[in-house]
Amino acid sequence: MAKNFSTREENYSQWYNELVVKADLAENSAVRGCMVIKPYGYAIWEKMQAALDKMFKDTGHENAYFPLFIPKSFFNKEASHVEGFAKECAVVTHYRLKISENGKDIVVDEDAKLEEELIIRPTSETIIWDTYRKWIQSYRDLPILINQWANVVRWEMRTRLFLRTAEFLWQEGHTAHETSQEAKEETLKILDIYANFAENWMAVPVLKGMKSQTEKFAGAIDTYCIEALMQDGKALQAGTSHFLGQNFAKAFDVKFLSKENKLEYVWATSWGVSTRLIGALIMSHSDDKGLVLPPKLAPIQVVIIPIYKTDEQLEQLNEKVRSIKQLLESRGISVKYDNRDTYKPGWKFSEYEFKGVPVRLAIGPRDLENNSIEIARRDTLHKEIVPIEGIDNVILKLLDDIQGNLYHRALNLRENNTFSVDTWDEFKEQIEKGGFVMAHWDGTPETELKIKEETKATIRTILMNNPQEEGKCIFSGNPSKERVVFAKAY
RNA sequence: CGGGGUGUAGCGCAGCCCGGUUAGCGCGCGUCGUUCGGGACGACGAGGCCGGAGGUUCGAAUCCUCUCACCCCGACCA
């Protein structure tokens, strides 16, 4: 299955596509641009959901669910928001099918045309703010801290599994606050959660910062983001948190009576991460032998493979492994014992390597005699024989090591691929090679656009607490007070 | 929406130019046997409306027309 697998060197994007499909994470569906997330891929998503969901709840958020369909008129209410999404909305116009005249085909029943078309949500700000209006009267109703786990649809021209699909799964948080200050704090609090999750669960180092006005979410005052660097030197936006100001409150007329008995518009935030994170995970750690998963998100942390010739040996191994598996599970480790007789050990080794299982244990008759077991780690492919006694502690430590090693490896990659340049020629040259390029920019959208046109590079982020320094814009030569992060992006 | 390409077994492909017995190959799949510490091997076997519709012809996977679908490269984007 994983033979004849492309290498990153040969063709990075083919490597990625094959990896996703051959590692059983997802596949293309009958509907163009949409994917089927297979059990192994979905298990990763579930682990991500569990960790994030807990973080949201620990910071006072609650889950709720808003509808998939949004009345078209809602989109008229916030002008920049419409501009941002109108081009990629799926629209429901009818609500019934019928058998055609010839009795063979199913056709749309033209009599069942909707009075007002429904838009399949590309994001839920509009329907949520229309709802919040009814929930909010006084400052006592604030804040509202809600998250929803949902699917959204954006009719993309070109799609890639996990990185950009027409339908994707995500969480979207939508909060309402009394003051601008409080909303800004919420925006940054979530940004920290995202960065923390990326670094500590996904083992993916991220830059935290603000989007330029061109790159921000349509409808936001400011968009903050976490930005990661993939192995091919391209940037990937991994999460966004928006300070929406009073834009949606004004568009949907959401006001509250303050303590001073004054009627004021509510302040808002929204924030989200999506199944794209799985793409980031894959591209950050995996190698030419397949997927590499960080232990904290791996559906299977340890796989145990028996090596035997006879049925008796297998039975003895089954017996031994049962106790090892129980021990590991009692320590909170997820373990799979693969004693299928239909595949050989070597085949299984390759299989689990390809699927990125962090730790593999192999045990055979020789080990039974010596009370030992072979332990192999996926990140470095290193293996050794260790005593079974105390294996639980060895593995707990190893999982921890792997998690840390993956993070540091990715961090090294980023550091080795982050450059400061001061001239336009250097800039063009470095952008072509890839990586994050820190350069001075005059702050205007015009310059930003021209740089994009000429190099395909965009401003990925303006770092938080960005050091201030005098400089000249690499493109226009105009004065600049700080460097911003440029890169070619996914 | 532009530019390029591909549709033949579950998957990957050959055959098509130059029409002609029963449409092949590799992987995978099934049964049996031997194997099993890094992707085993043998024997037998199952599996096809050659993307779809029209046409040319005694005869079409192959030639012609039309259609549909998908992939890659651009414009759009989390």
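Proteins get letters first, then strands, A, B, ... in listed order; numbering begins at 1 in each. Computed from heavy atoms alone, side chains included, the values below leave out hydrogens, waters and symmetry copies.
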In whole angstrom, give me the gap between the [atom1] atoms of [N] and [M].
N     : M     : atom1 : value
B:G19 : B:C63 : P     : 9 Å
B:G33 : B:C71 : P     : 45 Å
B:G52 : B:A61 : C1'   : 14 Å
B:C29 : B:U22 : C1'   : 23 Å
B:G48 : B:G54 : C1'   : 23 Å
B:G12 : B:C70 : P     : 16 Å
B:G38 : B:C50 : P     : 46 Å
B:U35 : B:C16 : C1'   : 43 Å

Is [X] touching bases, backbone alone, or none of the nucleic acid, heavy atoms closer than 4.0 Å?
X        : value
A:Thr223 : nothing
A:Phe217 : nothing
A:Leu236 : nothing
A:Thr240 : nothing
A:Arg340 : nothing

Can you tell me the Watson-Crick or wobble partner of [N], both distances under 3.5 angstrom?
N     : value
B:G33 : B:C41
B:G7  : B:C68
B:A14 : none
B:U62 : none
B:U21 : none
B:C50 : none
B:G74 : B:C1
B:U56 : none

**Asked** For RNA chain B, whose closest nucleotide is more 5', that of A:Lys216 or that of A:Val31?
**Response** A:Val31
**Asked** Of A:Phe162 and A:Phe349, whose nearest nucleotide on RNA chain B comes first from the 5' end?
**Response** A:Phe349
In whole Å, I'd like the distance from the [atom1] atom of [X] to the [atom2] atom of [N].
X        : N     : atom1 : atom2 : value
A:Ile305 : B:G39 : CD1   : P     : 13 Å
A:Asn17  : B:G12 : CG    : C1'   : 16 Å
A:Met157 : B:C71 : CE    : P     : 15 Å
A:Lys348 : B:G38 : NZ    : P     : 14 Å
A:Ile307 : B:G39 : CD1   : P     : 11 Å
A:Tyr343 : B:G38 : OH    : C1'   : 17 Å
A:Leu161 : B:C71 : CG    : C1'   : 13 Å
A:Asn28  : B:G10 : CG    : P     : 19 Å

**Request:** Ignoring hydrogens and angles, answer whether the base of B:G38 and the side-chain atoms of A:Lys383 contain a donor-acceptor pair closer than 3.5 Å.
**Result:**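 Indeed, a donor on one side and an acceptor on the other fall under 3.5 Å apart.
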**Prompt:** Checking A:Lys348 against A:Tyr343: charged group under 6.0 Å from the ring centre and within 45 degrees of the axis?
**Reply:**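 No; the conditions do not both hold, so A:Lys348 does not lie above the ring face of A:Tyr343.
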**A:Trp170 six-ring face occupied by A:Arg154 cation (under 6.0 Å, within 45°)** = yes
**Item:** Side-chain donor-acceptor pair present, A:His285, A:Gln231, cut-off under 3.5 Å
**Value:** no
**Message:** If only side-chain N and O atoms count, and only distance matters, is there a donor-acceptor pair under 3.5 Å linking A:Glu227 with A:Thr461?
**Reply:**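 Per modelled atom types, A:Thr461 and A:Glu227 side chains form no pair under 3.5 Å.
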**Prompt:** Quick one: which of B:G37, B:G39, B:C76 gets closest to the side chain of A:Arg366?
**Reply:**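 Shortest atom-to-atom distance from the side chain points to B:G37.
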**Complete:** Among the nucleotides B:G37, B:C36, B:C76, whichever has the atom closest to the side chain of A:Tyr308 is B:C36
**Item:** Parallel, tilted or perpendicular: rings of A:Trp271 and A:Phe56 (30°, 60°)
**Value:** tilted
**Request:** Please check if the side chain of A:Ser284 supplies one atom and the backbone of A:Leu281 the other of a donor-acceptor pair under 3.5 Å.
**Result:** no
**Prompt:** Does A:Lys216 use its side chain to pair, donor to acceptor, with the backbone of A:Ala220 at less than 3.5 Å?
**Reply:** yes
**Message:** Measuring to OP1 and OP2 of B:C71, would you say a side-chain N or O of A:Arg32 lies under 4.0 angstrom away?
**Reply:**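 True: A:Arg32 side-chain N/O within range (under 4.0 Å) of B:C71 OP1/OP2.
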**Any A:Lys344 side-chain nitrogen or oxygen under 4.0 Å from OP1 or OP2 of B:A40** = yes
**Request:** Kindly determine whether A:Phe75 and A:His81 satisfy ring pair (Phe, Tyr, Trp, His ring centres under 6.0 Å), including the steps that lead there.
**Result:** CA-CA 7 Å; A:Phe75 277 78; A:His81 188 253; 5.8 Å; yes
